[in-house]
Each structure stands twice: as C-alpha cells, then as structure tokens.
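As structure tokens, the structure follows; a few thoughts come after it.
The structure presented is a predicted model; accordingly, all values stated were derived computationally and were not measured.
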There are 2 protein chains.
Amino acid sequence: MKLSTKSTYGLRAMVNLALKYDEGAISISDIAKKEDISVSYLEQLLNRLRHKGMLESVRGPNGGYVLAKRPKKITVGDIVRVLEGDTAPVYCVTNQARLKRSCRRSTTCVAKGVWEKLADAIDRVLDSVNLEDLARQAGDEVGHEKDISR
Amino acid sequence: MKLSTKSTYGLRAMVNLALKYDEGAISISDIAKKEDISVSYLEQLLNRLRHKGMLESVRGPNGGYVLAKRPKKITVGDIVRVLEGDTAPVYCVTNQARLKRSCRRSTTCVAKGVWEKLADAIDRVLDSVNLEDLARQAGDEVGHEKDISR
DNA sequence: TTTATACTTGACAAGAATAGTAGGGTATGG
DNA sequence: CCATACCCTACTATTCTTGTCAAGTATAAA
Ligand code: FES
Ligand code: FES
C-alpha cells in the first residue's frame, strides 16, 4: 500500500514548476538537480504528464517544461492518477476500466464496502490539495527561514 | 498504491471467523475452500495474525483458528497493519520505525503535509470498521437472499 | 497406542512491478 | 551549424508479490 516514486518524484517536480510558473520554461536537469532525481527517469515522468495535458514543453536551448494550467487547477490527485495509474487501494474498486480485474465476488464480497469507503477517503484528500496550495506553503517556509536568518 | 492480497485475503478469512465466532475452531482448509485461496498461503497469513495476538489456534483433529478477541475489538486497520506492515502511503510518514526509510527532505519537503493528511484519512477509515460490522453485514445479505428466494 | 487431522515453520521459486539506464532521435535559439 | 534540451524506445537490475513444497509437532479419536 505504497505510492511509487513515480508519484512522489512527480509531485515534487510539479511543485517546483508551480513555484516558477511565471518564469518561463524550466529544464528537467534543473529540477532533477534540485530534487536529486535521475534526469532520465524524470524525463519519463514529465513526458507522461505532458501527454495527459498537465504540462507543456519548449524544445531547444532555454527550453523546458511549463504547467499547462494555473497551479490552482492541478490537484495532487490529478498527478497521482496520471503517474500511478489510479488511486484505488484494490483493483476491485478502481473506476478505470483498463485496470479493473476480474472479481467474481464483487456482488457478495463483504470487504468491498470497506475498500469503497477507503477509495473515497483517498480521493477526497488527494483532490483537495492543489499545486497553488503547496507552492504557497513552500514560499512561506522560505520567507520564514529568511526571518530567522537576520 | 495497491493493497496486496495478504490484506484482502486476510480480511476475508477474518470475516469468516467472525461469522462463526461462537462455533469453535474453524480449519484453514474450510476457509480456503470457501474463499478460494491457497491453503499454504493462507496458513502463512493466519499464523502471522496469531503471532500478533489476533487469533488463537487449536491443533489436532477438529482444530483450527478462533478469533482471540471479540469481533467488535478487531478492526480492518488492525488486520492490514499486521499483514501489510503498515498503512502509510509513503515510507516518509510511516510511524513504524522499522519501516521508516531515510528521507533527508522530511523537514523541508512540501509534499509531506499531503502524505500525512492522506495517512490520517486512511487510518480513520480502516480503524472505523470492525469485524462485527462486516459480519453483521454479511449476515444481513444472507437474510436478504433468503427473502428473495421464497 | 496408532493414526489421521490440522497447525507450525522455513526454504524456495516463478512472475510482476519498480526504479532506474542507455542510446538514439528531433527541434531550435544563438 | 552546433550546443542545448526535449522525445522515444528498449533494456536491465532489484525488489516485492504470490504463492509452492517439505518436514515437523500436537492432539483427538479409534
Ligand atoms: S474480492 Fe473484489 S471486492 Fe472483495
Ligand atoms: S521526500 Fe520524504 S516527505 Fe517528501
């Protein structure tokens, strides 16, 4: 019951992009260096987010990635769903037909109700936090550090 | 972000035991047959639950397993924590020292707040449902089926 | 006492998923 | 034209999952 690094790396990269939303394209290598993530691996993740309409890319020198929407419009759930496949805790209750696996028991299984409640709770949390929230939080922390240092 | 079959099989087995809580020991093979789970595999799961004080065993003919506490006192969270290791969605926020992995970023990582909220939501759901709830539900369904069949 | 039943334990193994690497190709600003 | 940076596919090492297998122990019943 663990999220893969795809989601955790991807979210951290997206927060980086949210923090520099108004500063043009940011390169993969910049993010990879700052977050200490393999460049090649991060390439795959950001590319997947681009294909799903979450990022736009600029090629050539000074190129990089930019959020395709305002940070407010991208939730953690959006990112996790793209990178993880879905957010369901068991295949029985995923709503993505592609991932749904045979579950003959679904009509009688007493556990199903629990998994459905769990899936709802997970989605509620993940969809309630967007990149603007996280960027603001990150900004506040930087400001706080500055205050302490003087 | 999927629970393994350890949790899902284990929970189903425990609900079976809850349904027959007053009928003495139930054998692994009975449960395995009813739930269509490999006997050897289920052995491992139930034994782990026994070591953690969730089950008691009776050896020899007519032996089997019995819940070590009243169904009301065993939650889905208890079972998942034993069989899955813990319920945290990322290693960064597990409260089990054994599983906690190096996360140098934990003091600065902006994502951590999300994972903590998520971990809380997951625990809230899993700890809010106990075996008595599930057994009652299973019993109701049987009754309902009977009503229809006449 | 013998025997069949059923739990106990540890080792092993196939398959899938994860977490990357590697290496080419394409677009573009300078 | 060339250095930069995205684009895309394939491959690999490691770990986790999902079991199987074999040998042993305890006990109720015949
Ligand atoms: S086995 Fe699929 S819902 Fe229980
Ligand atoms: S990397 Fe551990 S909390 Fe973000």
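- Using a 3.5 Å distance cut-off with no hydrogens or angles, the side chains of A:Tyr65 and A:Asn47 do pair a donor with an acceptor.
- Separating the CD1 atom of B:Ile26 from the P atom of C:dT5 is a distance of 18 Å, rounded to the nearest angstrom.
- A distance-only check finds no donor-acceptor pair linking the side chain of A:Asp36 to the backbone of A:Ala32 [under 3.5 Å].
- Shown for residues 40-48 of chain B: residues whose heavy atoms fall under 4.0 angstrom of DNA chain D, namely B:Ser40, B:Tyr41, B:Gln44.
- For the pair B:Thr94 (side chain) and B:Tyr91 (backbone), a donor-acceptor distance under 3.5 Å is absent.
- Of the possible donor and acceptor atoms, one in the side chain of B:Ser38 sits under 3.5 Å from a partner among the backbone N and O of B:Tyr41.
- For the pair B:Tyr9 OH and D:dT18 P, the interatomic distance rounds to 7 Å; values are reported in whole Å.
- Taking atom CG of B:Leu3 as the reference point, atom P of D:dT17 lies 11 Å away to the nearest angstrom.
- In summary, A:Asp123 and A:Arg81 engage in a salt bridge, as defined by a charged side-chain N under 4.0 Å from a carboxylate O.
- Contact detail for B:Arg50 and B:Ser57: the closest heavy-atom pair is CD-OG, 3.5 Å.
- Each of B:Val58 and B:Ile28 belongs to its own hydrophobic cluster when Ile, Leu, Val, Met, Phe, Trp and Tyr are linked at side-chain heavy-atom distances under 4.5 angstrom.
- Less than 4.0 Å separates DNA chain D from no heavy atom of any residue of residues 74-89 of chain B.
- Residue A:Ser38 places at least one side-chain N or O closer than 4.0 Å to OP1 or OP2 of C:dT21.
- Among D:dC6, D:dG19, C:dA19, the nucleotide with an atom closest to any side-chain atom of A:Ser4 is C:dA19.
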Completion exercise
Protein heavy-atom contacts under 4.0 Å, written 5' to 3' over nucleotides 24-30 of chain D as B (base), S (sugar-phosphate only) or - (none), form the string BBBBBS-

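- Side-chain contact between B:Val90 and B:Leu118: absent, with no pair of heavy atoms (C-beta onward) separated by less than 4.5 Å.
- Between A:Asp86 and B:Lys2 there is a salt bridge, with a side-chain nitrogen of the basic residue lying less than 4.0 Å from a carboxylate oxygen of the acidic one.
- Taking atom OH on A:Tyr91 and atom P on D:dT17, their separation rounds to 11 Å, with Å as the unit.
- Following rounding to the nearest Å, B:Ile37 (CD1) and D:dT17 (P) show an atom-to-atom distance of 17 Å.
- Phosphate proximity of C:dT8 to B:Ser57: present, with a side-chain N or O under 4.0 Å from OP1 or OP2.
- When the C1' atom of C:dA17 is taken as reference, atom CE of A:Met1 falls 17 Å away, rounded to whole Å.
- In this structure, CG of B:Leu49 is placed 15 Å from C1' of C:dC7, rounded to the nearest angstrom.
- The interatomic distance linking A:Leu17 (CG) with D:dC6 (P) rounds to 10 Å, in whole Å.
- Nearest heavy-atom pair across A:Met1 and B:Glu84 is N-OE2, 3.6 Å.
- Checking side-chain atoms of A:Asp133 against main-chain N and O of A:Asn130 turns up a donor-acceptor pair under 3.5 Å.
- Salt bridge A:Asp78/A:Lys69: absent, no basic N to carboxylate O contact under 4.0 Å.
- If you check D:dC6, C:dA6, C:dA19 against the side chain of A:Thr5, the one that comes closest is C:dA19.
- Comparing C:dT8, C:dT18, D:dC7 by their closest approach to the side chain of A:Lys6 singles out C:dT18.
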